[in-house]
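Proteins get letters first, then strands, A, B, ... in listed order; numbering begins at 1 in each.
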Amino acid sequence: MSTSEIKKTKRSCKIISQECIGKDIYSMWLNAGEIAKNAVPGQFVSLYSRDGSKLLPRPISLCEIDKEEEKLRLVYRVTGRGTGTEEFSGLHAGVPIETLGPLGNGFPLDAVKGKKVFLMGGGIGIPPMLETAKQLDAEKTMVLGYRDELFLNKEFEAYGDVYVATEDGSAGTKGNVMDAIRENGLEADAIFACGPAPMLRAIKAYALEKGIPCWISMEERMACGVGACLACVCKSKDVDSHSHVHNKRVCKDGPVFLSTEVEL
Amino acid sequence: MSTSEIKKTKRSCKIISQECIGKDIYSMWLNAGEIAKNAVPGQFVSLYSRDGSKLLPRPISLCEIDKEEEKLRLVYRVTGRGTGTEEFSGLHAGVPIETLGPLGNGFPLDAVKGKKVFLMGGGIGIPPMLETAKQLDAEKTMVLGYRDELFLNKEFEAYGDVYVATEDGSAGTKGNVMDAIRENGLEADAIFACGPAPMLRAIKAYALEKGIPCWISMEERMACGVGACLACVCKSKDVDSHSHVHNKRVCKDGPVFLSTEVEL
Amino acid sequence: MNVNLAGVELKNPVMTASGTFGSGTEYSEFVDLNKLGAVVTKGVANVPWPGNPTPRVTETASGMLNAIGLQNPGIDVFCERDIPFLRKYDTKIIVNVCGKSTKDYCQVVERLGNEPVDMLEINVSCPNVKEGGIAFGQNPKALEDITKEVKKYAKQPVIMKLSPNVTDITEMAKAAEAGGADVLSLINTLTGMKIDINRRTFALANKTGGMSGPAVKPVAVRMVYQVANAVSLPIIGMGGIATAEDALEFIMAGATAVSVGTANFFNPYATEEIVKGIQEFLERQNVADINELIGVVK
Amino acid sequence: MNVNLAGVELKNPVMTASGTFGSGTEYSEFVDLNKLGAVVTKGVANVPWPGNPTPRVTETASGMLNAIGLQNPGIDVFCERDIPFLRKYDTKIIVNVCGKSTKDYCQVVERLGNEPVDMLEINVSCPNVKEGGIAFGQNPKALEDITKEVKKYAKQPVIMKLSPNVTDITEMAKAAEAGGADVLSLINTLTGMKIDINRRTFALANKTGGMSGPAVKPVAVRMVYQVANAVSLPIIGMGGIATAEDALEFIMAGATAVSVGTANFFNPYATEEIVKGIQEFLERQNVADINELIGVVK
Ligand SMILES: Cc1cc2nc3c(=O)[nH]c(=O)nc-3n(C[C@H](O)[C@H](O)[C@H](O)COP(=O)(O)OP(=O)(O)OC[C@H]3O[C@@H](n4cnc5c(N)ncnc54)[C@H](O)[C@@H]3O)c2cc1C
Ligand SMILES: Cc1cc2nc3c(=O)[nH]c(=O)nc-3n(C[C@H](O)[C@H](O)[C@H](O)COP(=O)(O)OP(=O)(O)OC[C@H]3O[C@@H](n4cnc5c(N)ncnc54)[C@H](O)[C@@H]3O)c2cc1C
Ligand SMILES: Cc1cc2nc3c(=O)[nH]c(=O)nc-3n(C[C@H](O)[C@H](O)[C@H](O)COP(=O)(O)O)c2cc1C
Ligand SMILES: Cc1cc2nc3c(=O)[nH]c(=O)nc-3n(C[C@H](O)[C@H](O)[C@H](O)COP(=O)(O)O)c2cc1C
Ligand code: FES
Ligand code: FES
């Protein structure tokens with residue numbers, strides 16, 4: 001799928017529901033109209049604050065997409081006091097929120113169709129794997145890493161085996177997602193992953209060692225979210241399409257990249 | 001009453017009710033705690049926006065004071081799109097609003113006790129006259145000036161005769177408050193007034209001509225609202241207490257001044 | 001709504017600010033480029049520049065800091081790809097030019113002489129690159145000299161883009177005028193810094209960045225006013241414009257045209273909405289010609 | 001929380017910014033002045049000044065413009081009324097001094113030599129008065145000269161307050177250092193302008209005003225960082241500080257103390273809350289001495 005076919009919109013989306021599903025973790029459904037209609041798993045939206053002093057977007061991945069009802073589910077973490085995400089968490093059903101999307105490329109579902117695939121998520125990187133699990137036609141094994149408290153994990157069970165790792169050992173394997181793979185002797189032909197940089201680095205090394213393809217979803221500070229400002233670049237092996245300088249844009253060329261294509 | 005005895009507070013006040021009572025005119029009751037307890041007619045509060053890009057206070061006069069239930073009524077005009085007052089008008093009961101007060105001096109009720117007094121209000125200068133009418137022990141005649149649509153006028157009827165002037169002649173005297181006085185042959189021994197500068201100027205001239213004392217409530221752009229920043233000065237006949245330069249502070253030395261004491 | 005910049009007739013005074021709109025491709029999904037007075041491109045150099053390490057942007061109160069570092073594909077790719085894209089639209093093309101030395105600038109300017117572009121904007125005020133950029137923009141003599149050199153090679157009218165990080169903006173404006181500039185644009189970004197106190201480090205990899213957005217508007221309006229009253233060149237005003245009202249502030253202060261930058265990031269429809277808003281203001285206030293409003297507040 | 005400014009020991013680094021806190025009387029209804037490191041007074045001149053016409057303030061995005069024009073009662077009333085008031089509290093007194101000529105400044109400074117005040121802050125950076133003020137603050141030679149003169153008459157340590165409206169703040173800092181300044185404070189306000197497009201006039205009677213508030217913080221932090229790395233004098237940082245986190249940004253950038261200005265207007269409890277917030281940060285991060293944090297980000 002080419003990103004240029006996907007039509008982006010910025011619109012005011014009414015909140016359908018807002019729920020706290022873990023410490024500082026919120027789940028929100030939005031009435032998103034054409035944004036939902038055009039969206040694919042692994043893409044994200046930019047949310048905007050109602051506070052005139054906060055100008056920049058808050059990029060949030062799509063956790064679930066309901067094309068029929070034109071709804072989107074976002075699961076996000078409140079990062080601190082006075083932040084944009086804190087503001088979002090206080091908004092009730094019925095309140096509109098400015099939303100730009102769908103943004104980015106999404107996971108290449110066709111490339112791994114029918115294979116044995118790890119869907120790996122770490123922390124707040126877990127949400128985008130849910131819609132990916134729903135839509136991916138493959139033999140899926142979910143490996144989810146948490147610090148302590150679990151969230152969303154039950155919702156993955158409909159789509160395959162779910163393995164969990166926690167840093168404090170309170171559930172599943174004590175350690176990280178790689179520890180969970182080793183402890184359970186798991187294997188796959190391909191990987192889709194989203195999570196913090198150290199986790200992605202370990203997964204990239206593992207995929208290289210096993211000789212399997214691995215796609216990772218990257219994070220970077222953004223301003224435009226649509227590829228115009230060149231804020232959100234990551235170092236890439238190939239020259240990028242925009243500036244021909246090995247700087248791919250996370251918001252437009254990503255956020256999903258083949259792990260061997262980018263520096264971490 | 002000396003202003004230094006009045007203890008000021010800034011606190012978050014829950015909105016009790018919010019009602020549109022005319023085109024762009026809103027009436028709001030606040031749970032104001034000690035601000036209400038310490039307040040006198042003619043004083044004001046500063047309201048603060050929830051939008052981090054809007055820093056300065058919106059000074060709003062007290063329209064009614066309920067000391068027992070610690071409530072304040074504010075009646076205010078939405079001045080335009082994207083303004084602080086527009087934001088306030090959209091806040092529902094239960095929502096907190098940052099409020100600083102009580103501020104300023106208030107009308108000198110004792111100075112006119114038992115006399116025949118005009119309470120004159122123009123436009124959005126009408127609200128503070130309501131609590132003044134309630135508390136003033138005198139023979140009161142209300143003269144209220146509007147552009148077209150009337151508001152609050154009925155509520156004054158409990159306290160004396162009410163005369164109305166409208167610019168478009170749709171109610172009462174066609175013209176301004178001075179026209180209403182002339183048309184109805186009204187007389188008084190003293191005046192309390194609040195309204196736009198041209199109206200206050202005319203009232204000041206009238207009082208001078210009649211040789212009666214007249215107190216007017218002034219408006220100026222404010223920053224601190226408490227007398228510290230020297231933003232809100234007006235030219236005064238006497239030297240001011242702060243800088244000894246004939247610059248009285250509307251927020252602290254006023255907003256109510258003897259008309260002969262200030263330049264308009 | 002037509003305004004004239006050194007002989008170039010724009011259908012309206014609303015343009016994009018360099019570096020915030022790419023070469024128009026991305027935002028053409030949101031706005032009709034045909035509706036804009038001009039598209040000003042991201043700065044382009046003689047060769048590709050990789051720009052600065054990330055993080056390159058951070059949020060500040062009603063503004064942002066950026067230290068992109070002028071990443072660009074170089075003039076060759078630009079001429080092959082971006083100019084033909086923009087030529088499909090009925091709008092003026094203004095190419096923003098950056099460089100590390102006078103020679104770099106002149107090379108790009110000369111090369112553009114044969115291209116169908118309408119004006120050149122010379123960025124001598126980027127605070128985010130070590131060489132070139134702001135060095136030329138904070139010294140009147142250096143500014144006059146580079147303006148003269150650039151003018152030797154330029155076939156199109158030359159806009160000199162001024163830095164606000166100076167003691168006296170009128171001195172810089174006069175230097176650019178003396179060097180032969182056709183138009184001035186201002187302001188570029190104000191140099192700022194943000195510190196992450198928990199990580200005890202700078203919020204931007206480059207330490208400092210350029211501040212833009214509504215926060216800087218009062219400084220920008222002041223400088224446009226000062227320059228309009230000091231030189232006789234037309235001015236393109238920018239810095240924090242997000243609404244038609246903002247744009248009109250700059251026009252009344254003395255700007256002939258305006259650029260919209262950071263606002264695109266929080267409202268991708270901003271440029272088109274501003275064109276519409278100005279039109280409505282003119283109708284509401286019965287102003288027959290927008291040129292009547294230029295510098296009307298004295 | 002003690003910090004030392006040129007031999008003056010403050011109980012904590014939090015002070016008020018001149019002109020936003022009067023002489024403390026009004027805000028003593030909200031905060032306990034005993035809790036503050038120092039109170040910096042509104043600028044005082046040799047004679048009373050009436051200041052500028054109104055409107056004197058206007059709101060901008062995350063900031064404000066002011067053109068008070070240094071209204072003040074003159075040094076006589078100040079010494080009689082304000083110093084005795086402040087002396088009742090256990091806090092340091094810093095008197096901000098303004099003038100129209102070097103002689104004016106020196107007269108006030110000399111007079112204060114016999115008064116129980118702890119430091120003098122010389123305002124050579126007010127953008128809102130025609131004479132004096134910023135004229136001294138935008139020229140390194142003039143700044144060095146006036147610093148030298150003031151030092152001749154001063155019995156207390158002298159803080160020179162720098163203007164941000166300059167090309168190179170380090171050059172100004174070095175000039176003040178060369179002139180013998182004991183401490184530097186920065187930033188004063190950035191000159192700005194706002195236009196009321198409906199009335200086609202300036203929002204302020206003075207046309208321009210000084211911008212302050214959170215909007216200017218990135219510029220202020222950058223300048224404090226630059227100055228801290230250019231001279232060896234202690235620095236009082238200010239510009240947009242509204243929270244303990246903001247204050248810590250300045251301290252990590254190199255400020256020994258901080259001043260809180262515009263924030264008082266939207267939070268009259270700001271100064272005391274910031275003292276408390278810094279204390280909590282130190283505890284949370286196990287920092288034994290706040291002096292360890294000064295200039296820790298390089
Ligand atoms: C492609 C992508 C997808 C993401 N998906 C999710 C998700 O599904 N759920 C979730 O909880 N978080 C997600 N994040 C991280 C999320 O964007 C940040 O946590 C959020 O922007 C922080 O905003 P704030 O208002 O809490 O913080 P503030 O500190 O107020 O943010 C200030 C500025 O910094 C930016 N910023 C701060 N942290 C980050 C970060 N980690 N990444 C990018 N920008 C940041 C903000 O966007 C904002 O512009 C994603 C990030 C990216 C790049
Ligand atoms: C002592 C006093 C009492 C007042 N009482 C009332 C009242 O009871 N009801 C009412 O509707 N209005 C009253 N006003 C006027 C009211 O303060 C302004 O209409 C209001 O502040 C405008 O804010 P805004 O958010 O709508 O406009 P914005 O344009 O967003 O305001 C921007 C800034 O300008 C200031 N400002 C704008 N207009 C005025 C003005 N006319 N006077 C002072 N500051 C202004 C605002 O306070 C704010 O700081 C009073 C003013 C004063 C000084
Ligand atoms: C992300 C970003 C990149 C920019 N890149 C350039 C550039 O390449 N050349 C240039 O002259 N100005 C550049 N600028 C400055 C803008 O063109 C403009 O002068 C400034 O941002 C002020 O306008 P604004 O507040 O509307 O953004 C850039 C600004 C931003 C925010
Ligand atoms: C209303 C007002 C009055 C001021 N008066 C003075 C003054 O008299 N002397 C002075 O040196 N600075 C004066 N300043 C500047 C402040 O002391 C401070 O340097 C500036 O406002 C930046 O800090 P802030 O953003 O915290 O307000 C004034 C600022 C404001 C807002
Ligand atoms: S955020 Fe602008 S290019 Fe990615
Ligand atoms: S508003 Fe500060 S003195 Fe009145």
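- Chain D forms the most heavy-atom pairs under 4.5 Å with one residue out of B/Arg221, B/Lys235, B/Glu220, and that residue is B/Glu220.
- Rounding to the nearest 0.5 Å gives a distance of 12.5 Å between CZ of D/Phe265 and CG of B/Leu100.
- For a residue to count as touching a neighbouring chain, one of its non-hydrogen atoms must lie under 4.5 Å from one of that chain's; by this rule D/Val57 touches chain B with backbone and side chain alike.
- Of the inter-residue distances, the one linking D/Met64 atom CE with B/Cys229 atom SG reads 6.5 Å to the nearest 0.5 angstrom.
- In terms of non-hydrogen atom pairs under 4.5 Å with chain B, the most contact-rich of D/Thr20, D/Asn72, D/Asn267 is D/Asn72.
- In this structure, NE2 in B/His244 is found 10.5 Å from CG in D/Asp76, a value given to the nearest 0.5 Å.
- A 6.0 Å sphere centred on CZ of B/Arg147 holds no more than 12 heavy atoms belonging to other residues, nucleotides or ligands.
- Proximity to chain D is absent for every atom of B/Ser46, based on heavy atoms less than 4.5 angstrom apart.
- The CG atom of B/Leu230 lies 11.5 Å from the CG atom of D/Asn52; values are rounded to the nearest 0.5 Å.
- Taking CZ of D/Arg81 as the start and OG of B/Ser241 as the end, the distance is 7.0 Å to the nearest 0.5 Å.
- Rounded to the nearest 0.5 Å, atoms OG (B/Ser53) and CD (D/Glu59) are 7.5 Å apart.
- With chain D as partner, the option from B/Gly225, B/Cys234, B/Ser243 having the largest number of non-hydrogen pairs under 4.5 angstrom is B/Ser243.
- Of the charged side-chain nitrogens involved, none lies within less than 4.0 Å of a carboxylate oxygen, so that D/Glu29 and B/Lys10 do not count as a salt-bridged pair.
- Within the 4.5 angstrom heavy-atom criterion, no atom of B/His246 approaches chain D.
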